[in-house]
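Numbering of ligands and ligand atoms starts at 1, following listing order.
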Amino acid sequence: MIKLDLPKLPYSLDALEPFMSSETLELHHGKHHLAYVTNGNKFIEEQKIEESDLNKIVINSYQNKNAPIFNNVSQHINHIHFWEIMSNNPNGKIPSELEKKIIDDFGSIDQMKSDFINAGLGQFGSGWCWLVLNNGKLEITKTANAENPIVHNLIPLLGCDVWEHSYYVDYKNRRPDYLKSFVDNLVNWEKVADELNKNI
Ligand code: MN3
């Protein structure tokens with residue numbers, strides 16, 4: 001039976017300051033993500049889930065409307081992605097192939113960033129906004145609560161957590177400021193480019 005593990009952050013707790021504080025990361029990783037891991041393991045054990053591929057568990061539990069498994073395991077993979085895709089990267093350079101693909105599919109980098117921010121703002125309540133690959137084309141989408149784009153056959157390249165626990169300590173109720181700071185300062189574009197290359 002698979003056991004979920006809380007991964008170590010790929011950087012120190014203060015590595016993303018001033019854009020995301022160590023207090024936020026400590027709570028978000030050490031309390032919120034840990035709770036998904038703990039609860040996910042409890043439900044996997046109780047329900048004797050035999051599947052060991054995390055993405056398959058997410059897709060199956062979504063289709064079967066198995067909310068306890070879906071909510072916790074999907075949030076587990078969402079947060080693994082989120083930690084990996086961030087770095088302290090103010091006005092970071094986008095690798096040229098990814099940059100070209102963004103311009104082909106959105107018209108400009110600014111357009112992609114503003115579509116991404118607007119998706120995050122348009123998500124009423126908790127959820128995520130995403131840059132995804134849909135049949136070879138880049139698109140922006142948003143999902144509610146724990147949903148990961150894989151349940152809609154989309155490949156996530158960049159996801160931003162818009163649950164309040166992700167920004168309230170640093171930005172209070174100012175979700176727009178958080179989203180703008182995220183796309184301008186917190187994206188590891190090399191990693192996004194790696195995800196694109198793996199999937200195109
Ligand atoms: Mn979160």
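For N78 and Q75, the side-chain atoms include at least one donor-acceptor pair closer than 3.5 Å.
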For a quick test of your reading: what N or O donor-acceptor pairs under 3.5 Å do the side chains of residues 8-20 make, sequence neighbours left out?
from: Y11; atom 1: OH; to: W83; atom 2: O; distance (Å): 2.8
from: S12; atom 1: OG; to: D14; atom 2: OD1; distance (Å): 2.8
from: E17; atom 1: OE2; to: S22; atom 2: N; distance (Å): 2.9
from: E17; atom 1: OE2; to: S22; atom 2: OG; distance (Å): 3.1

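Annotation: ring pair (Phe, Tyr, Trp, His ring centres under 6.0 Å) contacts of Y62 (sequence neighbours excluded): F70, H152. Every residue meeting the side chain to side chain donor-acceptor pair (under 3.5 Å) condition with Y171, not counting sequence neighbours, appears here in chain and number order: S181.
The shortest side-chain heavy-atom distance between L133 and L138 falls under the 4.5 Å cut-off.
If you count the protein N, O or S atoms nearer to the Mn ion (ligand 1) than 2.8 Å, you get 4.
A ring-centre distance under 6.0 Å is found for F82 and H28.
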